[in-house]
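Both counts, for ligands and for their atoms, begin at 1 and track the order of listing. Being a predicted model, the structure only gives us computed values, none of them experimental.
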Amino acid sequence: MDITELTVHELQEKLKNKELTSYEITKAYVDKIEEKEKAVQAFVTTLEKEALEKASKIDEEIKNGEEDGSFTGIPIGIKDNICTKGVKTTCSSKMLENFVSPYDATVVEKIDNEKMINLGKLNMDEFAMGGSTEYSYFKKTRNPWNLNKVPGGSSGGSAAAVASNMVPWALGSDTGGSIRQPASFCGVVGLKPTYGLVSRYGLVAFASSLDQIGPITKDVTDSAMLLNIIAGHDEKDTTSRKVEKKDYTKALKNDVKGIKIGVPKELFGEGINEEVKEKLEEAIKVYKDLGAEVEEFSLDIAKYSLATYYIIACAEASSNLGRFDGIRYGYRAKEFKDLKDLYRKSRSEGFGPEVKRRIILGTYVLSSGYYDAYYKKAQQVRTLVMNKFDKAFEKYDVILTPTSPTVAFDIGSKSNNPLEMYLADICTVSVNIAGLPGISIPCGVDKENMPIGMQLIGNKFQEETILNVAYTFEQKIKFRENYKPTFRKGEE
Ligand code: GLN
């Protein structure tokens, strides 16, 4: 048995039955990292030694009957924009290359409380800006299904690590698709929770009104379990909502009879790859056979949502990234004439080109002469987008779309063309604009054995609905059993 092939709920069983110890599990992952990391390049920091030490300690505690939490001794990987006390949090930027956070993010605290084991910090586009993980200052992560393709982004390290079995599950962050799109490119499950469900305290802010932390997992059950751990109100994040605690695994009913699914025709038209469309149509057929009511409708927002997203995201980023001035945090230029020169040089040398592009764009749309024309307009359109979704959810329980217009693309094919990179976010950004939950699950592969993702969008705080609709499909097509990355297959 390859331990690293197991899902977390399977690992949990084996730990409980004493078929496996935490050390055995952790060691299997450490060995997998040794074996795969050279090719996949998913980690910024690995914590093999620390992880094994913690696992031994936990096994000892379990033996003495001191520990029996349901996630005790289960390993995890964490995106490198989520603060971990005592371990570097770089945001894959030169600016934070040596930054060690003095505190844990709330989600990390929760994971620690469960006595889970951190295997390391995962690569990403610099400050989560991008859709391919090519904008990392340190390295380009590769897609385990085909090492010449991108894993998606910005949580590409998290998705690739899960897909190549280097971690059993991981945390990512999603501002405009950064959990769902890499999950789709790597054939795994990615959930972006409703804005306000998961605390953002300790998540390095990109665009505060859009950012959410969420799970990247092998299957939907694991996704529900990780959401159980991280969801909940946090006094340290004023945008986190007081909602009742739920057990999301209870929502997985394997039944979609009578569920109303709306399919926006705008996201099945021009620009969406034919094979992606075909697979999504097959998925729709599966839902119909399972007793769901599926209907096409018009969600007339796709053409505004990208512009709205890039204005709001860049505006907020330009403000959030103001703190990286060479004085309070991170990189400081070696030589400078005066204070202004120190700011200018530290920021010029510390940030990469994509981050600079966004800061410049954001500063422009917020400047007094253009504020009304761009930023204010974008906020007005944001309200419009929310209203359109509200209307759609009067009729439907779930909205079904592709996660991305294409499968994973070749490394280097879009990184020099920012506009093309932005256009690839067409299916995901409106979910963040409206603060809704969205999940991406694999629904098949194309002719070259690259995974295709399906996105299911729910109304606010209706994670249970999308998780169940996703789960029911997963039980039917059994993606993990039927499709394997070439990279993994080749080595069996
Ligand atoms: N690709 C989008 C962007 O570049 C989304 C990023 C994200 O969700 N962090 O902004």
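Distances between N or O atoms of Gly153 and those of ligand 1 include no value under 3.5 Å. At under 3.5 Å, not a single nitrogen or oxygen of Ser173, backbone or side chain, sits near a nitrogen or oxygen of ligand 1. Taking distance alone, with nitrogen or oxygen atoms compared against 3.5 Å, Met129 stays at or beyond that limit from ligand 1.
Of the listed options Ser178, Cys314, Gly172, Ser178 places a heavy atom closest to atom 9 (N) of ligand 1.
In this structure, Tyr422 falls outside the shell of residues with a heavy atom less than 4.0 angstrom from ligand 1. Under a 4.0 angstrom heavy-atom cut-off, Ala313 registers as lying outside contact with ligand 1.
A 4.5 Å side-chain heavy-atom check between Trp145 and Tyr483 finds at least one atom pair inside the cut-off. Contact check for Tyr364 versus Leu361: no side-chain heavy atoms found under the 4.5 Å cut-off.
Cation-pi contact between Lys265 and Phe297: absent, since separation from the ring centre below 6.0 Å together with deviation from the ring axis within 45° is not met. With a 6.0 Å cutoff to the six-membered ring centre and a 45° limit on the axis angle, Lys376 does not count as a cation-pi contact of Tyr371.
For the residue pair Glu463/Thr194, the side-chain donor-acceptor check at 3.5 Å is satisfied. Between the side chains of Asp234 and Thr106, at least one donor N or O sits under 3.5 Å from an acceptor N or O. Donor-acceptor pairing under 3.5 Å is lacking for the side chains of Asn273 and Thr406.
Residue-level proximity to ligand 1 for Asp425 is carried by the side chain, the only part with a heavy atom below 4.0 angstrom. Of all the heavy atoms of Ala128, the ones lying under 4.0 Å from any atom of ligand 1 are found in both the backbone and the side chain. Contact annotation: for Arg358 versus ligand 1, heavy atoms closer than 4.0 Å belong to the side chain alone. Residue contacts with ligand 1 for Tyr310 involve side-chain atoms from C-beta outward but no N, CA, C or O (heavy atoms, distance under 4.0 Å).
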- Step by step, would you call Ile216 with Ile179 a side-chain contact (heavy atoms from CB on, under 4.5 Å)? CA-CA 7 Å; Ile216 296 184; Ile179 288 175; 3.7 Å; yes
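Interface of Phe206 with ligand 1, defined as ligand atoms under 4.0 Å from a residue heavy atom, comprises 9 (N), 10 (O). Residue Ser154 approaches ligand 1 through these ligand atoms, each under 4.0 Å from one of its heavy atoms: 9 (N). Set against the non-hydrogen atoms of Tyr309, the atoms of ligand 1 under 4.0 Å away are 2 (C), 3 (C), 5 (C), 6 (C), 10 (O). Each of the atoms 5 (C), 7 (C), 8 (O) of ligand 1 lies under 4.0 Å from some heavy atom of Gly176.
Scanning for side-chain contact (heavy atoms from CB on, under 4.5 Å) contacts around Lys32 gives Asp2, Thr4, Glu35, Lys36, Asn165, Met166, with sequence neighbours left out.
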